[in-house]
Amino acid sequence: MDVGFLGLGIMGKAMALNLLRSGFRVTVWNRTLSKCQGLVEHGASMGETPAAVVSKSKYTIAMLADPNAALSVVFEKGGVLEQICEGKGYIDMSTVDADTSLKINEAITNKGGKFLEAPVSGSKKPAEDGQLIILAAGEKELYDAAIPAFDVLGKKSFFLGSVGNGANMKLVVNMVMGSMMNAFSEGLSLAGSSGLSQQTFLDDLGAIANPMFKLKGPAMIQSSYPPAFPLKHQQKDMRLALALGDENAVSMPVAAAANEAFKKARSLGLGDLDFSAVHEIVKVTGSSGEAK
Ligand SMILES: NC(=O)C1=CN([C@@H]2O[C@H](COP(=O)(O)OP(=O)(O)OC[C@H]3O[C@@H](n4cnc5c(N)ncnc54)[C@H](OP(=O)(O)O)[C@@H]3O)[C@@H](O)[C@H]2O)C=CC1
Ligand SMILES: O=CCCC(=O)O
């Protein structure tokens, strides 16, 4: 099967590599073209533009930073729209808002192509291990056709109905995740400020135990934030989730406060670190009022 892949960042690189290792013929493109080289060394072909990738592929997957990136690879010169047509599919796995997804869906389907949004839960390691959770919505026929690829990329996939539902579900999940990370950071800081062992807090979390705290906590204690899920993307997701809350008149004061912390972290130049680096903000403005 010929599959295209657009966007070779932290997630896209790992996902495209898994497809190659599972026997898919993959043509890749990345805005910074030099990043294609690593995949070419593993047997991928390279397209000079998104359009060139689509022309070679039965369906094309995108894993891009944000709504601007998702729109530009479709609509700009050399973009997906120039080559998408009947018989081809486009699967956007980036985390974007429903409006972005709906615009892309309309343009692709007007050209006779099929569209699926399929954002994912799971970060760098699950992407490397093919253990993502896929939240798909859109053209069911394309979803069914993409199952062999989804089986390589993930451990579970959901089909959520019409375009927008996958995007919205992903934003709800990440809104909760961002708020949890802030609460956890405050807990770590409060434990430390109170003269308690942060390690014991991690070891014996009782009912609040969850995989994210277990995974991120040990590095956070060391003030180490190697990027798996970049903080700038988590803040983008908070912003988009808050907009969804506005649209539906849902009051979300906890998420709004978490968004402010992520924004502050971005303003301090922490955007390219892991989203757990929001801990740095809590450490500065935490209950003791002092940096630890
Ligand atoms: N990392 C994670 O844990 C997870 C991330 N996600 C989501 O997946 C998506 C990708 O995340 P991740 O791989 O971490 O992000 P990265 O920042 O590592 O990669 C972003 C990718 O988008 C490309 N890009 C950025 N701006 C543009 C643009 N204007 N036009 C074309 N391409 C552009 C980058 O190209 P270039 O190399 O040229 O900069 C790069 O390929 C995001 O939507 C994120 O929210 C979802 C689940 C988990
Ligand atoms: O969007 C990023 C999600 C990261 C995760 O699910 O661990």
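Order of appearance sets the numbers: ligands from 1, and atoms from 1 within every ligand. This chain uses plain numbering: 1 for the first residue, then up along the sequence. Any value given below was found using the heavy atoms of this structure, including those in side chains, with hydrogens, waters and symmetry copies removed.
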>> So, using side chain to side chain contact (heavy atoms under 4.5 Å, CB included) as the criterion, who are the partners of S57 when residues are at least two apart?
In response: T27, V53, T60

>> Looking at E141, I want to see if its CD is surrounded by more than 12 non-hydrogen atoms of other residues, nucleotides or ligands under 6.0 Å.
In response: no

> What do you reckon, does S94 have a nitrogen or oxygen under 3.5 Å from a nitrogen or oxygen of ligand 1?
Replying inline: no

>> Given the ring of Y59, does K88 sit roughly above its face, with NZ or CZ under 6.0 Å from the centre of the six-membered ring and within 45° of the axis?
In response: no

> Is there side-chain contact between L153 and M93, with at least one heavy-atom pair below 4.5 Å?
Replying inline: yes

When you check ligand 2 against the protein, what N or O pairs turn up below 3.5 Å? List the atom names and distances, or just say none.
from	atom 1	to	atom 2	distance (Å)
ligand 2	1 (O)	K170	NZ	2.8
ligand 2	1 (O)	N174	ND2	2.8
ligand 2	6 (O)	G122	N	2.8

> Got the closest protein heavy atom to atom 44 (C) of ligand 1, with its distance?
Replying inline: K236 NZ, 3.8 Å

> Counting only heavy atoms, which portion of V120 has something under 4.0 Å from ligand 1: side chain, backbone, both, or neither?
Replying inline: both

> Among A228, G79, A70, G9, which one has a heavy atom closest to atom 19 (O) of ligand 1?
Replying inline: G9

> Looking at atom 21 (C) of ligand 1, what's its closest protein heavy atom, distance included?
Replying inline: A65 N, 3.9 Å

>> Side chain or backbone, does M93 bring an N or O within less than 3.5 Å of an N or O on ligand 1?
In response: no

>> When you compare the side chain of S185 with that of N182, does any pair of heavy atoms fall below 4.5 Å?
In response: no

> Looking at side-chain heavy atoms only, is the closest gap between L202 and K214 below 4.5 Å?
Replying inline: no

>> Quick check for you: to the nearest 0.5 Å, what is the distance between L71 atom CG and I104 atom CD1?
In response: 5.0 Å

>> With nothing but distance in play, are any N or O atoms of W29 less than 3.5 Å from an N or O of ligand 1?
In response: no

> Rounded to the nearest 0.5 Å, what separation is found between the CD atom of E117 and the NZ atom of K170?
Replying inline: 12.5 Å

> Would you find more than 12 non-hydrogen atoms of other residues, nucleotides or ligands less than 6.0 Å from M46 atom CE?
Replying inline: yes

> Does ligand 1 have an atom under 4.0 Å from some heavy atom of N68?
Replying inline: no

> Of the protein's non-hydrogen atoms, which lies at the shortest distance from atom 33 (C) of ligand 1, and what is that distance?
Replying inline: A69 CB, 3.7 Å

> Taking the minimum heavy-atom distance to atom 26 (N) of ligand 1, which of M11, K232, R31 ranks first?
Replying inline: R31

>> Could you work out, for atom 11 (O) of ligand 1, the closest of K125, Q234, H233 by heavy-atom distance?
In response: H233

>> Checking contacts here: is it the side chain or the backbone of S72 that comes within 4.0 Å of ligand 1, counting heavy atoms only? Could be both or neither.
In response: side chain

